[in-house]
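Reading through the structure tokens given below for one structure.
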Amino acid sequence: MPGGRVAAAAVVLAAVVLAAPAAQAAPERSVAGVAVRTAAVTDAAGRSYTATTVTGSVRTTLRFTFNGGSKLSRTDLDRIGARLGLGRGSLRAAPGRTARTGVAERPSATLRCDKNPSWSNANGTLAARFNCHHSTINWGFKISARVQSIITGNVNESGVSWWRNGRRMPKNAGHVVGASYHFHGTLKPVKHADHVQFQDYMTFRVNIGGRPGTGSLTWAADVTAKK
């Protein structure tokens, strides 16, 4: 889907979480009117690592868990962080507790009719358009090349879940596809002044420096459609 990069992000890419192999995404829940997914994450004996990045209205959290091996040193973490486009010191050992992600405290952004913006960070690019003529929002998401480089095998995408004015709507279909796939879909019906929250959840295997593990990627957006 076409769209230029926008400095003042109107959509939030919220929460990239690389989870432990046994972890499964919990059902979404609503917090302050915003869709939030919780993911149970196990420390895995010190083999889980995380990094959070905030740029304007964009927040992403990256987490991965190795299947085995020793803990990573600070030098190792910075080396991996550089490969993933993260700043020095950003990647840290993850706490052994449940990780919760979402954008409950962030204001809804305005998505104008027929505008085609996109928002990028180290983990991927989200694009969205309010097609007021057909009462839909079209969305697209592309995993970044850096994250693709650590994914082995297919990505299992659950399909976008979404809410209109606080009411849950039928979710989009999921996919099992390669990491380079351009994920996309349509939310309907969406009319002028509707408040829409939508999010997706993807799981995949990873290999970083010869060490295998399991990961997941979550993105979330909160918009108000306007003509």
Cation over ring, Arg47 on Phe66, under 6.0 Å and within 45°?
no

Is Arg146 reaching over with its side chain to a backbone N or O of Ala82, donor-acceptor style, under 3.5 angstrom?
yes

Modelled atom types, side-chain donor and acceptor of Trp219 and Asn123, under 3.5 Å
no

Scanning both residues in full, the closest heavy-atom pair of Trp139 with Glu157 reads CH2-OE2, 3.9 Å

Could you go through the side-chain contact (heavy atoms from CB on, under 4.5 Å) check for Gln148 and Lys142 one step at a time?
CA-CA 10 Å; Gln148 287 183 41; Lys142 183 83 170 180; 4.1 Å; yes

Is there a side-chain contact between Val223 and Phe198 (heavy atoms, below 4.5 Å)?
yes

Atom CG of Asp194 and atom NZ of Lys226: how far apart are they, to the nearest 0.5 Å?
10.0 Å

Using 0.5 Å steps for rounding, measure from the OG1 atom of Thr214 to the CZ atom of Phe204.
9.5 Å

Is there a donor-acceptor contact under 3.5 Å from the side chain of Asn165 to the main chain of His195?
yes

Are Thr224 and Val196 side-chain neighbours, meaning at least one heavy-atom pair lies under 4.5 Å?
no

Should Pro117 and Leu111 count as side-chain neighbours, where that means a heavy-atom distance under 4.5 Å?
yes

Measure the shortest side-chain to side-chain distance between Ile137 and Arg129 over non-hydrogen atoms and say whether it is less than 4.5 angstrom.
no

Heavy-atom closest pair, residues Ala122 and Ser144
O-OG, 2.6 Å

When every non-hydrogen atom of Ala179 is compared with those of Val155, the smallest separation belongs to CA-CG2, 3.8 Å

State, yes or no, whether a side-chain contact exists between Asn156 and Arg205 at a heavy-atom distance under 4.5 Å.
no

Judged by modelled atom types alone, do Asn154 and His175 share a side-chain donor-acceptor pair under 3.5 Å?
no

Aromatic ring centroids of Phe183 and Phe141 under 6.0 Å?
no

Arg88 CZ: over 12 foreign heavy atoms closer than 6.0 Å
no

Taken to the nearest 0.5 Å, the spacing of Phe130 CZ from Ser135 OG works out to 6.5 Å

Could you check whether Ser73 and Asp76, counting side-chain N and O atoms only, form a donor-acceptor pair closer than 3.5 Å?
yes

Drop me the distance from Trp163's CH2 to Arg168's CZ, to the nearest 0.5 angstrom.
5.0 Å

Given the rule in the side-chain contact (heavy atoms from CB on, under 4.5 Å) test, do Thr136 and Leu187 qualify, once you have shown the distances and angles that lead to the verdict?
CA-CA 6 Å; Thr136 65; Leu187 310 179; over 6 Å; no

If you count the non-hydrogen atoms of other residues, nucleotides and ligands that lie under 6.0 Å from NE2 in His192, is the total more than 12?
yes

Please test Leu72 against Arg211 for side-chain contact (heavy atoms from CB on, under 4.5 Å), starting from the C-alpha separation and ending with a verdict.
CA-CA 11 Å; Leu72 296 179; Arg211 297 181 64 174; 3.2 Å; yes

dist Ile208:CD1 -> Ile80:CD1 (nearest 0.5 Å) comes out at 5.5 Å

Between atom NZ of Lys191 and atom NZ of Lys227, what is the distance when rounded to the nearest 0.5 Å?
10.0 Å

If I compare all heavy atoms of Gly140 with all of His182, which pair ends up nearest, and what's the gap?
CA-NE2, 3.7 Å

Heavy atoms from other residues, nucleotides or ligands near NE2 of His184 exceed 12 (cutoff 6.0 Å)
no

If you apply the rule side-chain contact (heavy atoms from CB on, under 4.5 Å), what do you find for Ser158 with Lys171, and how did you get there?
CA-CA 9 Å; Ser158 68; Lys171 70 184 298 184; 4.2 Å; yes

Side chains of Asn131 and Cys113 in contact at under 4.5 Å (non-hydrogen atoms)
no

Sub-4.5 Å side-chain heavy-atom contact between Phe64 and Ser48:
no

Can you tell me if Arg164 uses its side chain to pair, donor with acceptor, with the backbone of Pro189 under 3.5 Å?
yes

Asp78 versus Leu91: any side-chain heavy-atom pair under 4.5 Å?
no

Indicate the atoms forming the closest heavy-atom contact of Thr125 with Ser120, along with that distance.
OG1-OG, 2.6 Å

Just checking, is any N or O donor in the side chain of Asn207 or Thr152 under 3.5 Å from an acceptor N or O on the other one?
no

